[in-house]
Amino acid sequence: MSEQALVDMAKEGDLTAFNRLVVSHQTVVYNLALRIMGDPAAAEDAAQEAFISAYRKLGGFRGGSFRAWLMRIVTNACYDELRRYRRRPQTPLEDLNPLDEPAEVDSAGFLQSDEEGPEAAADRAELARALRECLDRLPLEFKVVAVLVDVQGFDYKEAAEVMDKPLGTVKSRLARARSRMQECLQGYRELLPLEMRLESERT
Amino acid sequence: MTSTLRHLPSRDVERLSVYLDGQLPEREQVLLRARLAKEPHLQRALVELQSTVRLLHSLPQVKPPRSFRLTAEMVAPRQAGWALPSLRWATAVAAFAFFSLVGVDILTSQVSMMAGAPQAAQEMPAAEPLLLEQGEQRAEADSESLMTPEEESVQSEPALPAGTPTGAPTETQADSLAAGAAMSADEVDATEQAAGLMAPSFRTGPTEDSAESATLPLAAAGPRLWLRLAELGLALLVVGLAWAGWRLRRRTW
């Protein structure tokens with residue numbers, strides 16, 4: 001069954017049809033929330049809130065990309081959650097953020113070779129942590145665009161739709177986000193691949 | 001030691017970033033490639049940017065800790081119980097009270113304005129004739145006091161028979177002089193009386209009456225001040241209740 005058919009059925013109040021949409025999008029939704037919030041528990045809350053909100057607002061969906069529409073709701077849910085944390089900062093998000101995320105590290109296939117030793121695995125985990133930390137240091141509007149395009153693989157048009165911003169804004173924000181990320185990652189240069197280490201260090 | 005990207009103009013960073021994603025228009029691509037061939041720092045910046053993007057792309061997707069499937073309970077509108085209807089009623093009652101109070105305030109201020117206007121209009125005509133009368137008296141008295149005793153006697157006495165000596169004052173003239181002096185004293189009394197009869201608004205010096213009239217607006221301002229404070233309080237209450245209702249409704253849905 002096509003996504004549009006499921007959307008139409010869900011619009012009529014079919015919860016089973018909507019749950020099929022949930023299953024097909026929940027990984028992207030959770031990951032987007034996790035990268036924006038930087039905390040698994042907060043991301044879980046935001047993802048659940050986003051799905052509930054999406055079901056209730058489905059009547060207002062006027063076609064187009066359902067994924068972009070859903071991600072917009074997720075982004076807004078994250079903004080709300082972050083605002084709530086800022087208003088009541090009893091437990092800072094960075095304290096909630098565990099130093100290592102076993103689920104992520106275990107599933108991290110990036111830079112992994114078949115004959116990877118324990119040392120290389122530890123470096124890989126450290127690099128993943130460095131990336132998360134640098135992402136968290138980005139201003140929210142830069143973080144969102146970097147996660148959408150560079151982590152989740154959205155194209156510019158879809159990212160613009162999610163962010164409700166013109167294409168030009170997406171391009172400039174993404175360039176600045178990448179530049180800041182690169183600068184931040186220089187603080188972890190011992191973990192970076194050789195081509196990323198700066199000229200002065202290499203020579 | 002800093003990155004090459006940091007020293008590049010933001011326009012160039014953006015061009016490189018869009019170029020990496022294959023979104024740069026063909027013409028701009030040609031121009032950028034020509035620059036990249038000539039400018040090593042631009043090439044270095046491109047490599048830095050490319051590596052950063054590759055690292056971000058390689059961040060793994062994390063498996064959600066649980067399923068986010070919705071249940072019927074999750075999507076059923078949460079019951080706000082009695083709180084929401086009560087808040088709505090309270091908001092409506094407070095708003096009604098506020099507008100009623102504002103209406104009363106406007107009406108009373110209009111009534112007091114209308115009552116104040118005829119009173120002032122009545123005071124004006126009453127004072128005017130009095131002043132005119134007083135002015136006439138004064139003018140008459142002035143003209144009389146300016147006369148020499150001789151003129152006065154000529155005017156007041158019937159014409160003397162011819163041959164009557166006029167050099168020394170006669171008995172009759174002395175009487176008339178005394179009468180003139182007495183008239184001046186009467187005139188002063190009359191002026192004082194007139195001043196006493198004048199309306200308070202036409203007096204210039206501070207008197208007991210004017211002090212009393214000064215305390216009147218203060219006495220009237222008391223209830224009005226309370227009215228304004230009550231209006232302000234009710235307005236705040238309406239806003240507060242409406243906000244609480246909105247918050248509750250948002251939480252419910």
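Proteins come first, then strands; the chains are lettered A, B, ... in the order of their sequence lines, and each starts at number 1.
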Student: Name, in order of residue number, those residues of residues 169-180 of chain A that have a heavy atom at a distance of less than 4.5 Å from a heavy atom in chain B; otherwise write 'none'.
Tutor: K171(A), S172(A), L174(A), A175(A), R178(A), S179(A)
Student: Which pair of heavy atoms, one from P65(B) and one from Y30(A), lies closest together, and at what distance?
Tutor: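 Scanning both residues completely, I find the closest heavy atoms to be CD-CZ, 3.4 Å.
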Student: Heavy-atom pairs under 4.5 Å with chain B: which of T16(A), N19(A), V28(A), L135(A) has the most?
Tutor: N19(A)
Student: Checking an interface table here. Which of residues 144-161 of chain A come within a heavy-atom distance under 4.5 Å of chain B?
Tutor: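 Expected list: V149(A), D150(A), V151(A), Q152(A), Y156(A).
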Student: Might you point out which heavy atoms bring L131(A) and L55(B) nearest each other, and give the distance in Å?
Tutor: CD1-O, 3.7 Å
Student: Just wondering, do R69(B) and F51(A) contact through their side chains at under 4.5 Å, heavy atoms?
Tutor: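 Of all side-chain heavy-atom pairs linking R69(B) with F51(A), none is under 4.5 Å.
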Student: Based on non-hydrogen pairs under 4.5 Å, which of V53(B), D21(B), V18(B) is most in contact with chain A?
Tutor: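 The candidate making the most pairs under 4.5 Å is D21(B).
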Student: Chain B heavy atoms under 4.5 Å from I52(A): which part of the residue, side chain, backbone, both or neither?
Tutor: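 Its backbone and side chain both get close to chain B.
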Student: Tell me, for S67(B) versus chain A, whether the close heavy atoms (under 4.5 Å) come from the side chain, the backbone, both or neither.
Tutor: both
Student: So does K165(A) have more than 12 non-hydrogen atoms from other groups sitting under 6.0 Å from NZ?
Tutor: no
Student: With rounding to the nearest 0.5 angstrom, report the CD to CE distance, E48(B) to M181(A).
Tutor: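 Atom-to-atom, E48(B):CD and M181(A):CE are 14.0 Å apart.
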Student: Rounded to the nearest 0.5 Å, what separation is found between the CG atom of N31(A) and the CG atom of L59(B)?
Tutor: 9.5 Å
Student: Do you know which of L70(B), L8(B), V13(B) has the most heavy-atom pairs with chain A at a distance under 4.5 angstrom?
Tutor: L70(B)
Student: Would the number of heavy atoms belonging to other residues, nucleotides or ligands and lying under 6.0 Å from CZ of F96(B) be above 12?
Tutor: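 Atom CZ in F96(B) is not packed in, count stays at 12 or less.
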Student: Less than 4.5 Å to any heavy atom of chain B: does that hold for the side chain of L21(A), its backbone, both, or neither?
Tutor: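 Contact with chain B is absent: no heavy atom of L21(A) under 4.5 Å.
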Student: I'd like to check L49(B) versus Q182(A) (side-chain heavy atoms, cut-off strictly below 4.5 Å). Are they in contact?
Tutor: no
Student: Could you tell me which non-hydrogen atom of Q48(A) sits nearest to which non-hydrogen atom of R66(B), and how far apart they are?
Tutor: OE1-NH1, 2.8 Å
Student: Report yes if some heavy atom in the side chain of R35(A) is under 4.5 Å from a heavy atom in the side chain of L56(B); otherwise report no.
Tutor: no
